[in-house]
Amino acid sequence: MKNNKTKNLFEQVYEVVRMIPKGKVTTYGAIVRRLGTKDARKVGFALHANPDPDTPCHRVVNKDGKLADSYAFGGWEKQKEKLLAEGVIFASEKIVDLKKCFWE
DNA sequence: AAAGTGACGCATT
DNA sequence: TAATGCGCCACTT
């Protein structure tokens with residue numbers, strides 16, 4: 001069937017991100033390893049494109065647990081606010097405490 | 001069709 | 001310790 005277009009990293013990323021439970025966060029690196037790819041860039045790009053509101057892109061941070069400067073829905077400050085509302089602990093202004101909230 | 005771009009990660013300098 | 005280069009894959013122009 002023609003519809004079976006190869007599942008791009010984009011879709012794979014969305015699937016993983018949607019699995020993230022509330023109150024937890026994950027990293028680009030974790031997603032990259034999970035997908036078995038080497039392209040961390042596309043992961044970030046996928047979330048930036050974020051056409052799906054069901055995709056909690058705010059639960060994804062870089063390997064340091066640091067929030068990206070550009071958040072699709074208004075900036076890292078908004079992202080931080082959402083995470084705090086879900087119970088995610090912050091180790092610093094832009095850094096998430098992965099020791100307690102890292103989702104693997 | 002080809003080149004440029006991008007929310008990154010890791011190795012090396 | 002920080003800064004730079006390379007890899008990698010899909011999207012945009």
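Everything quoted here is computed from the prediction, not taken from an experiment. All values below were derived from every heavy atom in this structure, side-chain atoms included, with hydrogens, water molecules and symmetry-related copies excluded.
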[atom1] of [X] versus [atom2] of [N]: gap in Å, rounded?
X: Asp64(A); N: dG9(B); atom1: CG; atom2: P; answer: 7 Å
X: Leu35(A); N: dC8(C); atom1: CG; atom2: C1'; answer: 13 Å
X: Lys94(A); N: dA7(B); atom1: NZ; atom2: P; answer: 14 Å
X: Leu9(A); N: dG7(C); atom1: CG; atom2: P; answer: 18 Å
X: Asp69(A); N: dG6(B); atom1: CG; atom2: P; answer: 14 Å
X: His48(A); N: dA10(C); atom1: NE2; atom2: P; answer: 19 Å
X: Lys38(A); N: dA10(C); atom1: NZ; atom2: P; answer: 13 Å
X: Tyr14(A); N: dA7(B); atom1: OH; atom2: C1'; answer: 12 Å

Any idea which of [options] is nearest the [X] side chain?
X: Ala72(A); options: dA7(B), dA10(C), dC8(C); value: dA7(B)
X: Asp39(A); options: dC8(C), dA7(B), dG9(B); value: dC8(C)
X: Gln79(A); options: dA7(B), dC8(C), dA10(C); value: dA7(B)
X: Phe45(A); options: dG9(B), dC11(C), dC9(C); value: dC11(C)
X: Lys63(A); options: dC9(C), dC10(B), dC8(B); value: dC10(B)

Using a cut-off of 6.0 Å, state whether more than 12 heavy atoms not belonging to Arg18(A) lie near its atom CZ. yes
Can you tell me if Lys66(A) has over 12 outside heavy atoms packed within less than 6.0 Å of its NZ? no
Could you check Tyr14(A) against Met19(A) for side chain to side chain contact (heavy atoms under 4.5 Å, CB included), going step by step and ending with a plain yes or no? CA-CA 9 Å; Tyr14(A) 297 142; Met19(A) 279 186 232; over 6 Å; no
base_contact_polar (dG7(C) base, Arg41(A) side chain, donor-acceptor, <3.5 Å): yes
Can you tell me if Glu86(A) and His58(A) form a side-chain donor-acceptor pair at under 3.5 Å? yes
Do Phe102(A) and Val96(A) come close enough that some side-chain heavy atom pair is under 4.5 Å? no
